[in-house]
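Below, each value reflects all heavy atoms present in this structure, side chains not excepted, and no hydrogens, waters or symmetry copies. Whatever order the structure lists ligands and atoms in, that order sets their numbers, starting from 1. Computed from a predicted structure; not experimentally measured.
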Amino acid sequence: MLNTANVTPYGTLPPASPVAARKPVSLPRLKELRERGEKITMLTAYDATFAAVADAAGVECILVGDSLGMVCQGLPSTVGVTLETMRYHTESVARGIRRVQGTAWVIGDLPFGSYQESKEQALRSATVLMQAGAHMVKLEGGGWTTETVRFLVERGIPVCAHLGLTPQTVHALGGYRVQGRGDSGLQLHQDALALQDAGASMLVLEMVPAALSAELTEALPRCHTIGIGAGSGTAGQVLVMHDMLGINLGKNPKFVRNFMSGQNSVQEAMSAYVRAVKDGIFPDNTLHAW
Ligand code: KIV
């Protein structure tokens, strides 16, 4: 029931998740979910209202992804997103969740150019997003990022790594293609182990063969794998909100499912996503994976 005293014409947010047993999401809580075999759910959100709706739908982790460059700013890729833009959206999301006393874990994406120069630059950029309300920062790539991850983790910043298709390096990769096939899977495997050793507590695997990501999930007990186009064997799943609501009018990659279809509201669609991931119905390896 909405508290009508708080109803405003434009920005009334939904109440926090009605699930009484829900505790604030934290690293120990995510570990608990993983240990009991419950899938971790993640969606992107970029503003206060959608973040609050996702929280109310029971989504555990909200990624303020630099995909906002494409879905909010109309850029051709994520390369043009700035740290200031990420700060603004992270702050909006964190404010929305705080206003409804939500429980979601907020991840701020470090944009292209904000962490590549040095570990110190990464720390300065991560500080901006943490002070905007993020609980964790995400950065893309393996190998050279390992020492940056260690440096941030040692300084108290939880880090989510990102391997496979890393959109910030799309030009170097030659397009949005499946990564980690054949011999390159070995390199990806080594990079993932090194990131866990450096202290990364989460790892997004994007467009990676399902068999490889299932194998990595086994090999990474301290680093929760979150798949997007990586099959059903990961510890959790993430989708870009606009894709799963069916409002991306471009050609959707095959790992996307439109959860809005058959639902009456965005919150219902997000709840359907949470249920499908928890029940192991989404993703379906025969439809959404390689
Ligand atoms: O920026 C983003 O939304 C992401 C997801 C696609 C994982 O990195």
Side-chain angles (χ1 to χ4, degrees), residues 39-47 50-51 54 59-83 85-90 92-93 104-115 125-126 129 134 136-142 145 159-170 173 175-180 188 192 195 200-208 213 216 223-231 234-245 247-248 250 252-257 259 270 273 277 282-283 288-289:
K39 298 279 183 184
I40 297 166
T41 57
M42 184 187 294
L43 279 180
T44 67
Y46 317 102
D47 68 23
F50 280 106
V59 174
E60 280 115 10
C61 303
I62 297 188
L63 170 63
V64 189
D66 62 357
S67 50
L68 65 83
M70 291 155 100
V71 300
C72 301
Q73 296 182 290
L75 294 172
S77 75
T78 59
V79 176
V81 178
T82 65
L83 183 61
T85 300
M86 292 309 302
R87 186 202 61 74
Y88 172 87
H89 287 275
T90 302
S92 304
V93 162
W105 176 256
V106 176
I107 304 160
D109 217 355
L110 288 169
F112 181 69
S114 74
Y115 59 95
S125 302
L129 299 189
M136 171 180 248
V137 297
K138 178 168 88 60
L139 52 79
E140 295 184 5
T145 59
V159 177
C160 174
H162 185 156
L163 292 176
L165 187 271
T166 45
Q168 292 175 10
T169 44
V170 63
L173 294 174
Y176 296 91
R177 301 159 193 267
V178 180
Q179 303 293 315
L188 206 151
L195 287 162
S201 39
M202 229 182 247
L203 169 64
V204 167
L205 290 171
E206 182 163 358
M207 291 182 74
V208 167
S213 55
L216 281 173
C223 181
H224 314 312
T225 53
I226 307 292
I228 173 163
T234 50
Q237 294 292 327
V238 59
L239 281 179
V240 168
M241 181 186 69
H242 292 58
D243 290 348
M244 58 80 70
L245 292 179
I247 50 176
N248 171 10
N252 269 327
K254 78 168 184 178
F255 58 76
V256 171
R257 181 173 137 191
F259 283 91
M270 290 181 175
Y273 165 74
V277 171
F282 178 81
H288 307 117

J.: CE/M207 to NZ/K254 distance, rounded to the nearest 0.5 angstrom?
T.: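 Nearest 0.5 Å value for the CE-NZ distance: 9.0 Å.
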J.: Which ligand 1 atoms are under 4.0 Å away from a heavy-atom of G65?
T.: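 So the answer, numbered in order with elements, is 1 (O), 2 (C), 3 (O).
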J.: Going by heavy atoms in the side chains, are M244 and F282 under 4.5 Å from each other?
T.: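 Heavy-atom side-chain distance check fails, nothing below 4.5 Å.
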J.: Do any nitrogen or oxygen atoms of D66 lie less than 3.5 angstrom from nitrogen or oxygen atoms of ligand 1?
T.: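 By distance alone, the answer is yes.
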J.: Can you list the atoms of ligand 1 that are under 4.0 Å from a heavy atom of T44?
T.: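 Matching atoms, with element in brackets: 3 (O).
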J.: Is it the case that the side chain of Q168 and the backbone of E140 share a donor-acceptor pair, with hydrogens and angles ignored and the cut-off at 3.5 Å?
T.: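 No; zero donor-acceptor contacts below 3.5 Å.
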J.: Less than 4.5 Å apart, side chain to side chain, heavy atoms only: is that true for Y176 and L165?
T.: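 They are in contact (side-chain heavy atoms under 4.5 Å apart), so the answer is yes.
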J.: Quick one: does H162 get a heavy atom under 4.0 Å from ligand 1?
T.: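 Per 4.0 Å heavy-atom rule, H162 contacts ligand 1.
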J.: Who passes side-chain hydrogen bond (donor to acceptor under 3.5 Å, both in side chains) against T44, sequence neighbours left out?
T.: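 For T44 the side-chain hydrogen bond (donor to acceptor under 3.5 Å, both in side chains) partners, ignoring immediate neighbours, are Y46.
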J.: Quick test: of every protein heavy atom, which one is nearest to atom 8 (O) of ligand 1, and how far off is it to 0.1 Å?
T.: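 In this structure, atom 8 (O) of ligand 1 has K138 NZ, 3.0 Å as its nearest protein heavy atom.
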J.: Does any part of the side chain of E206, heavy atoms only, come nearer than 4.5 Å to the side chain of H162, both counted from C-beta?
T.: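 Counting from C-beta outward, H162 and E206 do come under 4.5 Å.
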J.: Starting from atom 3 (O) of ligand 1, find the nearest protein heavy-atom neighbour and note its residue, name and distance.
T.: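 Ranking protein heavy atoms by distance from atom 3 (O) of ligand 1, first comes S67 OG, 2.5 Å.
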J.: Below 4.0 Å, non-hydrogen atoms only: which portion of D109 touches ligand 1? Side chain, backbone, both or neither.
T.: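 It is the side chain that touches ligand 1; the backbone stays farther off.
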J.: I'd like the name of whichever of L63, L165, V64 reaches closest to atom 5 (C) of ligand 1 through any heavy atom.
T.: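 It is L63 that holds the nearest heavy atom.
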